There are 2 protein chains.
Amino acid sequence: MPLPQTEVPGRLQAHFAERGIRMTQQRRAILSVMETASKHLDASQILRKAQKIDASVDRSTVYRTLRLLKRHGLIDELDLMHINGEGHYYERRLGRDHIHMACLRCGKITEFVSDSFERLKQQVEKDCRFRVLISRLEIGGYCATCRGSQ
Amino acid sequence: MPLPQTEVPGRLQAHFAERGIRMTQQRRAILSVMETASKHLDASQILRKAQKIDASVDRSTVYRTLRLLKRHGLIDELDLMHINGEGHYYERRLGRDHIHMACLRCGKITEFVSDSFERLKQQVEKDCRFRVLISRLEIGGYCATCRGSQ
DNA sequence: CAGGTAGATGCGACTGAGTTGCAACTAGAT
DNA sequence: ATCTAGTTGCAACTCAGTCGCATCTACCTG
Ligand SMILES: [Mn+2]
Ligand SMILES: [Mn+2]
Ligand SMILES: [Zn+2]
Ligand SMILES: [Zn+2]
């Protein structure tokens with residue numbers, strides 16, 4: 001007799017389970033949103049999506065869970081150059097970091113993985129004797145399309 | 001008969017003059033704060049410093065002037081990993097960009113100039129056909145001192 | 001399969017950063 | 001000296017994020 005298993009437990013849930021972090025309905029919903037998100041979501045988008053899974057989820061729980069995920073290094077927080085208001089965007093942290101480029105004209109966000117970026121971080125570790133845990137490289141400018149027209 | 005010239009006009013003022021941007025008492029005060037600041041100031045620090053030069057400066061004028069400076073690419077806006085609240089920090093933009101490292105334990109901010117960073121940006125320009133105007137690399141982790149103890 | 005409890009949640013009130021509409025003011029052109 | 005477009009101060013506002021607290025619940029222990 002299978003339970004009404006809304007979501008397949010993913011890596012985020014696994015990470016929580018491994019270190020004995022309590023799993024709740026609400027967290028399950030929020031984690032599943034973060035697992036399956038294809039792109040940068042802000043807190044209110046995460047709230048809305050999570051409420052579709054569990055209607056009881058509250059705004060403050062979203063923020064508390066995001067803080068928890070951040071503390072565990074499982075998600076990254078982005079500004080995306082504040083192209084749209086003052087809020088932040090969140091994205092699951094997978095194997096390799098990537099750079100975010102925001103077009104100041106059309107607002108498009110592009111991602112870019114680069115070995116040079118990895119090397120740069122290693123240089124910081126070595127030259128500055130600084131342990132790198134989080135890194136965020138955001139670039140503002142004009143995308144290929146907008147660069148042509150004006 | 002010299003006027004009560006509080007501050008020597010600096011490069012920011014010069015930039016404004018060159019493109020016929022109106023110069024006011026309040027702007028003069030704020031620009032001079034930004035010119036002479038040695039480190040990352042947030043809006044309320046800028047306000048307080050500017051008010052010492054011209055007591056009439058208002059919070060909204062500070063924000064409006066910062067927006068103007070940003071638009072002209074004369075200052076950079078930083079999060080400094082939100083180590084202290086949700087606000088932003090501002091810093092004059094000089095010749096070369098630099099990386100900001102924030103120690104998650106002691107809160108120290110370190111700056112680092114790197115050729116690899118310049119090359120990375122050039123790679124983005126070339127490989128992504130993206131015109132780079134602003135770039136912000138912020139790193140969170142542990143500084144040399146804090147890395148040792150725990 | 002009960003308790004019991006530490007930890008999580010919802011709610012509503014709050015904070016703090018940044019913005020805005022508007023009437024009054026002023027820089028700088030004529 | 002006059003004129004006017006651009007700027008300012010002010011106060012009211014928006015919006016993101018936080019917090020205190022009563023209630024609830026995941027999960028441990030027996
Ligand atoms: Mn991304
Ligand atoms: Mn930010
Ligand atoms: Zn574009
Ligand atoms: Zn430190």
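Everything numeric here is computed off the predicted structure, so don't read it as measured data. Below, read A as the first sequence line, B as the second, and so on, with proteins coming before strands; counting in each chain starts at 1.
Side-chain proximity of A/R22 to D/dT8, D/dT25, D/dG17: nearest is D/dT25. Comparing C/dA27, C/dG10, D/dT8 against the side chain of B/R64 picks out D/dT8 as the nearest. Minimum atom distance to the side chain of B/S60 is reached by C/dT20, of the listed D/dA26, C/dT20, D/dC19. Here the side chain of B/Y63 is nearest to one of C/dA17, D/dG17, C/dA27, namely C/dA17. Candidate nucleotides C/dG18, D/dG17, D/dG9 were compared by shortest atom distance to the side chain of A/Y90, and D/dG17 ranks first.
Counting to the nearest Å, the C1' atom of D/dT18 and the CG atom of B/N84 are 15 Å from each other. Atom CG of A/L66 and atom C1' of C/dA8 are 15 Å apart (whole Å). Remark: P of D/dA26 and CD of A/Q25 are 7 Å apart, rounded to the nearest angstrom. As a whole-Å value, the separation of B/R19 CZ from C/dG28 P is 16 Å. Rounded to whole angstrom, the span from the CZ atom of A/F16 across to the P atom of D/dC27 amounts to 12 Å. Following rounding to the nearest Å, B/L41 (CG) and C/dA17 (P) show an atom-to-atom distance of 14 Å. Straight-line distance from the CG atom of A/L31 to the C1' atom of C/dA8: 14 Å, rounded to whole Å. Distance, A/H88 NE2 to C/dG16 C1': 14 Å, rounded to whole Å.
Ranked by how close their nearest DNA chain C nucleotide is to the 5' end, B/M23 and B/E86 are led by B/E86. Between A/D54 and B/E77, the residue anchored closer to the 5' end of DNA chain C is A/D54, taking for each the nucleotide with the nearest heavy atom. Nearer to the 5' terminus of DNA chain D, by closest-nucleotide assignment, is the contact made by B/V62 (compared with the other of A/A43 and B/V62).
Side-chain atoms of A/S116 and B/Q123 include a donor-acceptor pair closer than 3.5 Å. Of the N and O atoms on the side chains of B/R64 and B/S60, at least one donor lies less than 3.5 Å from an acceptor on the other residue. For the 3.5 Å distance criterion, the side chains of B/E111 and B/H40 qualify, holding a donor opposite an acceptor.
For D/dG9, the base has no donor-acceptor partner in the side chain of B/R59 [N/O atoms by modelled type, under 3.5 angstrom].
Under the 4.5 Å side-chain contact rule for hydrophobic residues, A/Y89 and A/L47 do not share a cluster.
Here A/S56 lies in heavy-atom contact (under 4.0 Å) with sugar-phosphate atoms only. In this structure, B/R27 reaches the sugar-phosphate backbone alone: every heavy-atom distance under 4.0 Å involves primed, P, OP1 or OP2 atoms, never a base.
Here A/T24 reaches the OP1 or OP2 of C/dT9: one of its side-chain N or O atoms lies under 4.0 Å away. Contact annotation: B/Q26 side-chain N/O to D/dG9 OP1/OP2 distance is under 4.0 Å.
Taking CG from A/L41 and CG from A/L78, the interatomic distance works out to 11.0 Å, rounded to the nearest 0.5 Å.
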Please tabulate, for side-chain N and O atoms in residues 132-140 of chain B, each donor-acceptor pair with protein atoms closer than 3.5 Å (sequence neighbours left out).
{"from": "B/S135", "atom 1": "OG", "to": "B/D97", "atom 2": "OD2", "distance (Å)": "2.7"}
{"from": "B/R136", "atom 1": "NE", "to": "B/E138", "atom 2": "OE2", "distance (Å)": "3.3"}
{"from": "B/R136", "atom 1": "NH1", "to": "B/E77", "atom 2": "O", "distance (Å)": "3.2"}
{"from": "B/R136", "atom 1": "NH2", "to": "A/D79", "atom 2": "OD2", "distance (Å)": "2.7"}
{"from": "B/R136", "atom 1": "NH2", "to": "B/D79", "atom 2": "OD1", "distance (Å)": "3.1"}
{"from": "B/E138", "atom 1": "OE1", "to": "B/L80", "atom 2": "N", "distance (Å)": "2.8"}
{"from": "B/E138", "atom 1": "OE1", "to": "B/M81", "atom 2": "N", "distance (Å)": "3.0"}
{"from": "B/E138", "atom 1": "OE2", "to": "B/D79", "atom 2": "N", "distance (Å)": "2.9"}
{"from": "B/E138", "atom 1": "OE2", "to": "B/L80", "atom 2": "N", "distance (Å)": "3.4"}

